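Right, one structure below, let's go through it.
Letters A, B, ... are given to chains in the order of the sequence lines, protein chains preceding strands, and every chain is numbered from 1. Because the structure is a prediction, the values reported are computed rather than measured. These values consider heavy atoms only, across backbone and side chains, with no hydrogens, waters or symmetry-generated copies.
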There are 2 protein chains.
Amino acid sequence: MSLAQIESFVTVAETGNVSRAAERLRIAQPALSRQIRSLEDELGAPLFARTSRGMRLLEAGERFLQHARQILAAVAAAKCAVSERPSA
Amino acid sequence: MSLAQIESFVTVAETGNVSRAAERLRIAQPALSRQIRSLEDELGAPLFARTSRGMRLLEAGERFLQHARQILAAVAAAKCAVSERPSA
DNA sequence: CATGCTTACGGATCACGTAACCATG
DNA sequence: CATGGTTACGTGATCCGTAAGCATG
């Protein structure tokens with residue numbers, strides 16, 4: 001599991017659409033599709049249902065989404081923490 | 001920034017020693033040294049002071065460490081969340 | 001000269017983008 | 001046939017381990 005995969009997952013969850021998410025992330029659609037697939041493989045369970053109109057979050061995906069957002073927030077905070085002035 | 005880098009950082013911080021941390025992580029010492037270096041490069045600031053006896057956390061490193069542990073904990077929680085039973 | 005971090009280098013793996021493919025409405 | 005996800009494939013980048021280098025006490 002990589003941070004890129006986690007960010008990809010959140011973006012697909014928010015757009016409900018791999019194509020649009022790929023635009024937002026500035027990567028090609030197949031690359032994003034692969035990232036989602038490999039994330040699901042690693043977790044051992046699908047996170048999305050593939051419908052004819054896009055990607056719909058499953059329950060496992062909803063649960064994962066909450067933690068995914070926490071992870072990204074913690075990463076952002078970690079980056080900020082390094083550049084804080086020492087006295088803070 | 002990758003999760004592997006974050007785990008590497010925490011292990012080096014805990015051991016104060018790249019060599020010992022590499023053993024614990026089951027990777028070669030130069031690989032670990034590179035991960036730490038590239039993490040510092042990306043963050044734009046050193047996290048450790050290189051002493052003749054090993055690695056000592058700097059203030060920026062101490063601040064980063066707290067968030068790094070949060071990130072790893074959130075990742076572990078995310079993995080668990082996927083396999084929880086749906087009713088939970 | 002023992003300990004410990006870093007740099008050089010070659011090779012394997014990974015991850016991307018383009019192109020082709022398949023399914024649905 | 002338009003939309004949207006997946007598979008195939010070749011290539012460029014990444015990352016590892018071994019080996020050599022460098023600093024310190």
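For B:Glu40 (side chain) and B:Leu47 (main-chain N/O), a donor-acceptor pair under 3.5 Å exists by modelled atom type. Under the 3.5 Å distance criterion, the side-chain polar atoms of A:Arg63 are matched with a main-chain donor or acceptor of B:Val82. The main-chain N or O of A:Ser2 is found under 3.5 Å from a side-chain atom of A:Gln5 such that the two form a donor-acceptor pair. Looking only at distances, no side-chain donor or acceptor of A:Gln70 sits under 3.5 Å from a matching main-chain atom of B:Ala74. Checked by atom type and distance alone, the side chain of A:Ser33 never pairs as donor or acceptor with a backbone atom of A:Gln29 at under 3.5 Å.
Remark: of the listed residues B:Val12, B:Leu58, B:Val18, B:Val12 is the sole one forming a side-chain contact (heavy atoms from CB on, under 4.5 Å) with B:Phe48.
For B:Ser19 and C:dG4, the shortest distance from a side-chain N or O to OP1 or OP2 is not below 4.0 Å.
In this structure, B:Arg53 atom CZ and D:dA23 atom P are separated by 20 Å, rounded to whole Å. Atom CD in A:Gln5 sits about 13 Å away from atom P in C:dC14, given to the nearest Å. Rounding to whole angstrom units, CZ of residue B:Arg56 and P of C:dC5 are separated by 14 Å.
Nearest approach of A:Ala60 to A:Pro46, heavy atoms of both residues: CB-O, 4.1 Å.
For the segment residues 11-18 of chain A, the set of residues with a heavy atom within less than 4.0 Å of an atom of DNA chain D comprises A:Asn17, A:Val18, in numerical order. Contacts with DNA chain D (heavy atom under 4.0 Å) in residues 20-43 of chain B: B:Ile27, B:Ala28, B:Pro30, B:Ala31, B:Arg34, B:Gln35, listed by number.
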Margin query: Evaluate A:Met55 against A:Asn17 for side-chain contact (heavy atoms from CB on, under 4.5 Å), listing each step before the verdict.
Written below: CA-CA 6 Å; A:Met55 309 280 275; A:Asn17 188 304; over 6 Å; no
